Number of protein chains: 2
Amino acid sequence: MGNIEDSEVELRLGRFKGAAKQAGVKLTHQRLEVFRELASSLDHPDAETLLHGVQARLPTVSLDTVYRTLWMLNNLGLICTLGPRRDSVRFDANVAPHHHYVCVACGLVRDFESADFNAVPMPSRVEGFGSVVASHVEIRGICDECAAQQP
Amino acid sequence: MGNIEDSEVELRLGRFKGAAKQAGVKLTHQRLEVFRELASSLDHPDAETLLHGVQARLPTVSLDTVYRTLWMLNNLGLICTLGPRRDSVRFDANVAPHHHYVCVACGLVRDFESADFNAVPMPSRVEGFGSVVASHVEIRGICDECAAQQP
DNA sequence: TTAGGTGCAAATTCTTTGCACCCTG
DNA sequence: CAGGGTGCAAAGAATTTGCACCTAA
């Protein structure tokens with residue numbers, strides 16, 4: 001699917017290398033390639049999709065390594081997960097504040113930014129629940145491609 | 001967990017009965033009890049949790065009936081799903097516009113309302129993706145109960 | 001009566017784990 | 001060289017499906 005600019009990918013890879021060193025985890029080929037694959041995709045692939053992309057460069061990687069790598073990256077705060085609509089977990093290497101458009105028909109996810117949404121103050125009701133780590137808007141709809149297929 | 005007022009539960013049940021008749025689906029005990037269980041819970045249970053609640057009244061219901069009923073209710077627009085943080089799908093009988101606070105440690109989900117969020121106009125970028133069916137804010141954090149357990 | 005619904009159990013799908021070998025640091 | 005990391009295969013968990021019986025309309 002869509003791709004991220006090379007400069008941004010390199011920047012993210014650099015961040016990963018730094019964080020890995022600091023956390024004392026090894027920089028294996030597999031981890032680098034899994035992260036590169038995720039960091040350069042514009043949509044939000046699941047583990048299986050990432051596996052296929054990585055296998056083009058490392059034919060022997062296995063699905064379990066992809067999962068282990070993803071959760072490791074997630075623990076390091078380098079990626080985040082996003083919830084499925086009835087399918088599997090998806091991953092996101094964009095840790096800057098942003099929001100999601102999700103197609104309920106095909107599962108496509110696209111990022112967008114919105115200063116307006118970011119500017120809304122946290123409702124006081126939420127304080128009563130607990131601390132806040134992150135917040136984002138999820139917009140559900142039918143993407144143009146799916147709409148075209150089912151008139 | 002928390003409970004919804006009886007009057008609201010009855011209102012939701014009435015809506016279900018009307019929608020079921022209109023859609024031509026049968027009002028079985030199982031369906032009524034699954035919907036009642038979901039409609040009266042304040043948090044957002046998964047299928048297994050609902051099963052346990054319903055079994056108090058209908059000891060023979062099975063998990064697959066709970067799933068079938070939930071997807072049927074979802075198709076009818078009477079409930080919606082919400083994405084997991086690494087666990088299973090959860091269901092929500094509150095179809096009024098509202099937002100979610102999610103504890104990343106225990107999975108607790110609480111609803112809240114926010115006129116401020118509702119008032120933000122849809123970013124123009126989103127128009128390019130496709131149509132919009134719904135939108136909500138998801139706030140992630142650590143709930144007070146989990147925070148108390150891990151100082 | 002009768003088509004749709006249910007319960008059971010088996011099948012699928014997705015994800016995690018145990019273990020022996022491998023490779024980064 | 002040592003300990004974490006990997007691949008494989010098998011285990012687990014969550015959800016779906018086939019089928020014969022049941023029940024709401």
Side-chain angles (χ1 to χ4, degrees), chain A residues 13 16-38 44-52 54-76 78-79 81-91 107, chain B residues 13 16-38 44-52 54-76 78-79 81-91 107:
Chain A
L13 273 166
F16 172 33
K17 289 172 186 168
K21 178 168 291 185
Q22 190 168 353
V25 306
K26 291 180 180 170
L27 281 174
T28 62
H29 297 306
Q30 291 87 334
R31 288 177 172 178
L32 248 1
E33 292 306 327
V34 170
F35 185 72
R36 183 196 304 282
E37 187 69 26
L38 181 59
H44 298 289
D46 59 16
E48 195 110 25
T49 305
L50 287 168
L51 175 70
H52 289 137
V54 172
Q55 280 181 327
R57 275 161 280 138
L58 287 180
T60 67
V61 279
S62 59
L63 186 55
D64 55 17
T65 294
V66 174
Y67 277 111
R68 283 187 281 223
T69 301
L70 289 169
W71 293 123
M72 184 269 292
L73 291 167
N74 187 53
N75 289 341
L76 257 44
L78 293 163
I79 68 172
T81 65
L82 54 99
R85 22 261 70 272
R86 192 188 172 160
D87 40 26
S88 51
V89 186
R90 282 146 163 277
F91 299 89
Chain B
L13 274 166
F16 172 32
K17 289 173 186 168
K21 179 168 293 185
Q22 190 169 353
V25 306
K26 291 181 181 172
L27 281 173
T28 61
H29 296 307
Q30 289 89 334
R31 289 177 171 178
L32 249 359
E33 292 307 327
V34 169
F35 184 72
R36 182 197 305 283
E37 188 68 24
L38 181 58
H44 299 288
D46 60 15
E48 195 110 26
T49 306
L50 286 168
L51 176 70
H52 289 138
V54 171
Q55 280 180 329
R57 276 161 279 137
L58 287 179
T60 68
V61 280
S62 60
L63 187 56
D64 54 18
T65 294
V66 174
Y67 276 112
R68 284 187 282 222
T69 300
L70 290 168
W71 293 123
M72 184 268 294
L73 291 167
N74 188 52
N75 289 341
L76 259 41
L78 292 162
I79 68 173
T81 64
L82 55 100
R85 21 262 69 271
R86 196 190 168 157
D87 42 25
S88 52
V89 186
R90 283 147 164 275
F91 299 89

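Per chain, numbering begins at 1; letters A, B, ... match sequence-line order. These numbers come from a predicted model, not from an experiment.
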Presence of B:S62 side-chain N/O under 4.0 Å of C:dC8 phosphate oxygens OP1/OP2: no
Heavy-atom check, side chain of A:L50 versus side chain of A:L70, under 4.5 Å: yes
B:M72 CE - C:dT6 C1' separation (whole Å): 12 Å
Spacing of B:N75 atom CG relative to C:dG4 atom C1', expressed in whole Å: 16 Å
5' priority, DNA chain C, between B:D64 and B:G24 [closest heavy atom]: B:G24
Just the atom pairs and distances: protein N or O near nucleotides 20-25 of chain D's N or O, under 3.5 Å.
| residue | atom | partner | partner atom | Å |
| --- | --- | --- | --- | --- |
| D:dA25 | OP1 | B:L27 | N | 3.3 |

Within-4.5 Å side-chain heavy-atom neighbours: A:R57 and A:R36: yes
Which nucleotide in C:dC8, D:dG7, D:dT15 has an atom nearest any side-chain atom of B:Y67: D:dT15
Phosphate-side-chain proximity, A:T65 and D:dG7, N/O vs OP1/OP2 below 4.0 Å: yes
Whole angstrom value for the distance that separates P of D:dG12 from CG of A:L63: 19 Å
Length of the line joining B:L70:CG and D:dT15:P, which is rounded to integer Å: 10 Å
With B:R68 via salt bridge (Lys or Arg N to Asp or Glu O under 4.0 Å) - residues at least two apart: B:D64
Contact list for residues 17-26 of chain B, test salt bridge (charged side-chain N to carboxylate O under 4.0 Å, His left out), sequence neighbours left out: none
Under 4.0 angstrom between B:W71 side-chain N/O and D:dT15 OP1 or OP2: no
Whole-Å distance separating the CD atom of B:E48 from the C1' atom of D:dT16: 14 Å
N or O in side chain of A:R31 less than 4.0 angstrom from D:dG5 OP1/OP2: yes
Distance in angstrom units between B:R68 CZ and D:dA14 P, rounded: 19 Å
